[in-house]
S.K.: 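Take a look at the following structure, please.
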Amino acid sequence: MEKLSIPKGTRDFGQIESFRRKYIIEKIQSNFIKYGFAPIETPTMEHLSVLTGKYGDEGDQLIFKVLNSGDFLKKTDCGDYDQGAKTLLPKIAEKGLRYDLTVPFARHVVMNRHNITFPFKRYQIQPVWRADRPQRGRYREFYQCDADIIGTRSYWNEIELTLLIHDVFKSLNFDSFEVKINHREVLFAMAAAADLKGKETPFCVALDKIDKIGTEKVLHEISLLQGDSEMVSKYLEIIDADVGKSLKIEKLVKLTGTSNKGFEELNVFFKNLDELTDRKFNISLDFSLARGLSYYTGMIYEVKPTEVNIGSICGGGRYDNLTGMFGLKGMSGIGISFGLDRIYDVLAASNLFPETAKGGPKVLITHLDTSAFKHGIKIIEKLRKAGIAADLFPDAVKIQKQMNYANKLAIPYVITIGSEEISQARYPLKSMSTGEILTSSVEGIIENLKIDRF
RNA sequence: GUGGUUGUAGUUCAGUUGGUUAGAACGCCUGAUUGUGGUUCAGGAGGUCGCCGGUUCAAGUCCGGUCUUCCACCCCA
């Protein structure tokens, strides 16, 4: 028989991993709720017509397609085969696994537009699938945690989501991250002023790589686009300049000779952020930040860990016409997406999971004979009613084995029951870390466990 | 999608220019130890060397394919 395995880029999560993932999800979710978002869920599969064409040609290739059920070759003939995959595909597959949560969300909004009250705030925490080649921090199945506000253009949305980013990472005790801000309109102005109109995308893609490949190579890559290289090298100077945000904006306005609403919105954003909150932020204005997804039209942001090299762990931005792809125009919105799997990797690398994020019982009841086991059932009922995660060792085996079980599972407390305990109704509560034993009534044990006395 | 890389016990890894019965450490199981775990000691189980094919008297070792791992591109959470 073949060796058992799981598909490339997918993973099993053991008990500790699962519990830790739940811990992160719980923190993100409670912050979403605190900020007034309510959940929705969408199906794992969407029609390919919903998914394709929304992520660019590259993206379309990375969508997992679902083969039609039954005889999927029924609608095809030899000619289709000769024409190649592009012709054949729509005839054998009409569904695909969702690639992100934003496009299904847009579809949901358009489908339910008459029942939705705008502005609509929803959050969504579900897995997505990409047929990418796996790498560090890059999986074929991974979770996104999205929060979007759609149907409003208020400057407050940008502020609110920024505060949300702060609060989420704060609640995870994680502070070595940097929030980067930019604006799509500013990028367009930069491209236009450098004679690169119509080549915005390759311009942005090249600019975005500045951290990775350095200014020299970025300059070279952009020079291949045949724009105004001198202008571009001045951009790079401003990007590197160690000056305040408003001055940076001012310099770029002067250089490009244009001042569209992007520049203005950035100014307003930073001014408001300073006025409205005393939260400590590592937040910067980075004119090289581009972000891949093409549907963004306004402010964009990205969160990168500063001490772990794993790419971005959170990103988002404003889009003016997300639902336009499904025929509903004039619906502005803004969204954010936390990458659960990468956040997990970063917290693991930084050793930031609390001891409590491991699950399992808090106390194990061990027993010396069958009557002790039966008595244990009564005790465990009381413990569980009191809300204590408790377990009763299920088999009649030597006490060493039972202790060993508690030890292996890192169960912090053990109660041992024998004939003496039954007759006196007092039980020894042992701390597995210190070895100390406290003997008391069941009520006393419950009290001790609730406050972690020792 | 392009280029490279990895695969031997549950885990981390040895394994010489192809040559008898493939090793270690840790982990696991049993006992020393019939009401209290972690230490120690003694013993034990566990591998068709990723899979398929080829070269050879002989393949864990060489060759081809395939899958997998990780990495660099592309792109991205």
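Sequence lines set the chain letters: A, B, ... in the order given, protein chains first and strands last, and positions in each chain run from 1.
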S.K.: Counting any heavy atom closer than 4.0 Å, what does A:Ser337 reach on the DNA or RNA strands: base, sugar-phosphate only, or nothing?
M.R.: nothing
S.K.: Applying a 4.0 Å non-hydrogen cut-off, can you work out what A:Arg136 is touching in the nucleic acid: base, sugar-phosphate, or nothing?
M.R.: sugar-phosphate
S.K.: Would A:Phe142 count as stacking on B:rA77 if stacking means ring centres less than 5.5 angstrom apart and planes tilted under 30 degrees?
M.R.: yes
S.K.: In whole angstrom, give me the gap between the P atoms of B:rA59 and B:rG3.
M.R.: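 Nearest-Å result for B:rA59 against B:rG3 at atom P: 32 Å.
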S.K.: Between C1' on B:rG1 and CG on A:Asp132, what's the gap in Å once rounded to a whole number?
M.R.: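 Between C1' of B:rG1 and CG of A:Asp132: 10 Å.
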S.K.: Distance criterion of 3.5 Å, no angle test: do you see the side chain of A:Asn407 paired donor-to-acceptor with the base of B:rG37?
M.R.: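 It does, because a donor-acceptor pair links the side chain of A:Asn407 to the base of B:rG37 below 3.5 Å.
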S.K.: Roughly how many Å apart are B:rC70 and B:rA32, using the C1' atom of each and rounding to a whole number?
M.R.: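 Looking at atom C1' only, B:rA32 and B:rC70 are 46 Å apart.
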S.K.: How many Å lie between CG on A:Leu438 and P on B:rU36, as a whole number?
M.R.: 19 Å
S.K.: Rounding to an integer number of Å, can you tell me how far A:Gln400 CD sits from B:rC29 P?
M.R.: 14 Å
S.K.: Dump the intermediate steps for side-chain hydrogen bond (donor to acceptor under 3.5 Å, both in side chains) on A:Tyr123 and A:Gln29, then the final yes or no.
M.R.: CA-CA 8 Å; A:Tyr123 77 83; A:Gln29 183 170 256; 3.1 Å; yes
S.K.: What does A:Glu420 touch in the nucleic acid at a heavy-atom separation under 4.0 angstrom: a base, only the sugar-phosphate, or nothing?
M.R.: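 A:Glu420: base contact, heavy atoms under 4.0 Å.
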S.K.: Describe the nucleic acid contact of A:Tyr139 in one word from base, sugar-phosphate, nothing, applying a heavy-atom distance below 4.0 Å.
M.R.: base
S.K.: Which is more 5' along RNA chain B, the nucleotide nearest A:Lys408 or the one nearest A:Gly59? Just name the residue.
M.R.: A:Lys408
S.K.: Please measure how far the C1' atom in B:rA24 lies from the corresponding atom in B:rC63, and state the result in whole Å.
M.R.: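 It works out to 31 Å between them.
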S.K.: Using the ring of each side chain (for Trp, its six-membered ring), is A:His367 parallel, tilted or perpendicular to A:Phe393, with breaks at 30° and 60°?
M.R.: tilted
S.K.: Show the numbers, then the answer: is there a side-chain hydrogen bond (donor to acceptor under 3.5 Å, both in side chains) between A:Asp240 and A:Thr215?
M.R.: CA-CA 10 Å; A:Asp240 278 344; A:Thr215 53; 5.4 Å; no
S.K.: Reckon A:Glu421 touches a base, only the sugar-phosphate, or nothing at all at heavy-atom distances under 4.0 Å?
M.R.: base
S.K.: List the residues meeting side chain to side chain donor-acceptor pair (under 3.5 Å) with A:Arg140, not counting sequence neighbours, and say none if there are none.
M.R.: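 With sequence neighbours excluded, A:Arg140 shows a side chain to side chain donor-acceptor pair (under 3.5 Å) to no residue whatsoever.
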S.K.: In whole Å, what separates the C1' atom of B:rA9 from that of B:rG47?
M.R.: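 The answer is 5 Å between these two C1' atoms.
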S.K.: NA contact type, A:Gly56, heavy-atom cut-off 4.0 Å: base, sugar-phosphate, or nothing?
M.R.: nothing
S.K.: Can you check the distance between B:rU69 and B:rU55, where both ends of the measurement are the P atom (answer in whole Å)?
M.R.: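 Between the two P atoms, the distance is 31 Å.
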S.K.: Taking any heavy-atom pair under 4.0 Å as a contact, classify A:Val205: base, sugar-phosphate, or nothing.
M.R.: sugar-phosphate
S.K.: Within the 4.0 Å heavy-atom criterion, would you say A:Pro428 contacts the bases, only the backbone, or no part of the nucleic acid?
M.R.: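 Base: the residue A:Pro428, judged by heavy atoms under 4.0 Å, touches a nucleobase.
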S.K.: Base, sugar-phosphate, or nothing: which does A:Gln61 touch, judged by heavy atoms less than 4.0 Å apart?
M.R.: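 Answer is nothing: A:Gln61 stays at 4.0 Å or more from every strand.
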S.K.: I'd like to know if A:Asp175 pairs up with A:Lys170 as an ion pair, taking the criterion as any Lys NZ or Arg NE/NH1/NH2 lying under 4.0 Å from an Asp or Glu carboxylate oxygen.
M.R.: no
S.K.: So does A:Arg133 reach the base of B:rC71 with its side chain, donor to acceptor, closer than 3.5 Å?
M.R.: no
S.K.: Counting the atoms with a prime plus P, OP1 and OP2 as sugar-phosphate, which does A:Ser419 contact under 4.0 Å by heavy atoms, base, sugar-phosphate, or nothing?
M.R.: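 Touches a base.
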S.K.: Determine the Euclidean distance between corresponding C1' atoms of B:rC49 and B:rG44; express it in Å to zero decimal places.
M.R.: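 One C1' to the other, the span is 23 Å.
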S.K.: Between A:Lys398 and A:Val414, who's closer to the 5' end of RNA chain B by nearest nucleotide?
M.R.: A:Lys398
S.K.: Under 4.0 Å, counting only non-hydrogen atoms across every strand here, what does A:Gly316 touch: a base, just sugar-phosphate, or nothing?
M.R.: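 Answer is nothing: A:Gly316 stays at 4.0 Å or more from every strand.
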S.K.: Within the 4.0 Å heavy-atom criterion, would you say A:Lys401 contacts the bases, only the backbone, or no part of the nucleic acid?
M.R.: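 Result for A:Lys401 = sugar-phosphate.
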S.K.: Would you say A:Gln15 has more than 12 foreign heavy atoms packed within less than 6.0 Å of its CD?
M.R.: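 Not buried by this count: 12 neighbours or fewer within 6.0 Å.
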S.K.: Does a sphere of radius 6.0 Å around CG in A:Asn309 hold more than 12 heavy atoms from other residues, nucleotides or ligands, not counting ones at 6.0 Å or beyond?
M.R.: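 No, because the 6.0 Å sphere around CG of A:Asn309 holds 12 heavy atoms or fewer from other groups.
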S.K.: Using whole Å, what does the distance between atom P of nucleotide B:rC76 and atom CD of A:Gln135 come to?
M.R.: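 Whole-Å distance recorded here is 14 Å.
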S.K.: Under 4.0 Å between any heavy atoms, over every strand shown, what does A:Asp341 touch: base, sugar-phosphate, or nothing? Just pick one.
M.R.: nothing
S.K.: Any Lys/Arg nitrogen of A:Glu265 or A:Arg318 sitting under 4.0 Å from an Asp/Glu carboxylate oxygen of the other?
M.R.: no
S.K.: Between B:rC71 and B:rG19, how far is it from one P atom to the other, in whole Å?
M.R.: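 Approximately 33 Å lies between the P atom of B:rC71 and that of B:rG19.
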S.K.: Give the rounded distance in Å between these two atoms: CZ of A:Arg98 and P of B:rA77.
M.R.: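 Computing the A:Arg98:CZ to B:rA77:P distance gives 16 Å.
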S.K.: Using whole Å, report how far CG of A:Asp146 lies from C1' of B:rA77.
M.R.: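 The distance from CG of A:Asp146 to C1' of B:rA77 comes to 10 Å, rounded to the nearest Å.
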S.K.: Could you run through RNA chain B and flag its stems, i.e. three or more consecutive Watson-Crick or G-U pairs with both distances under 3.5 Å?
M.R.: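 For RNA chain B the paired stretches long enough to count as stems (3 pairs minimum) are B:1-4 with B:70-73, B:10-13 with B:23-26, B:28-32 with B:40-44, B:50-54 with B:62-66.
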S.K.: Strictly below 4.0 Å, N to O, side chains only: are A:Arg136 and A:Asp345 in salt-bridge contact?
M.R.: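 Salt bridge between A:Arg136 and A:Asp345, a charged N being under 4.0 Å from a carboxylate O: no.
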S.K.: In this structure, how many angstroms lie between the C1' atom of B:rU36 and the OH atom of A:Tyr427, rounded?
M.R.: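 In whole Å, B:rU36 C1' lies 18 Å from A:Tyr427 OH.
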S.K.: State which of B:rG35, B:rA77, B:rC73 makes the closest approach to the side chain of A:Lys212.
M.R.: B:rC73
S.K.: With a 4.0 Å limit, can you tell me whether A:Lys430 has a side-chain N or O closer than that to the phosphate oxygens OP1/OP2 of B:rU36?
M.R.: no
S.K.: Contact class for A:Ile313 vs. all strands (heavy atom < 4.0 Å): base, sugar-phosphate, or nothing?
M.R.: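 Touches sugar-phosphate only.
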S.K.: For the side chain to side chain contact (heavy atoms under 4.5 Å, CB included) test, which of A:Thr439, A:Leu383, A:Ile380 pairs with A:Ile415?
M.R.: A:Leu383
S.K.: Expressed as a whole number of angstroms, how long is the span from A:Leu289:CG to B:rC76:P?
M.R.: 12 Å
S.K.: With P as the reference atom in both, quote the distance from B:rU11 to B:rU48 in angstrom, rounded to an integer.
M.R.: 13 Å
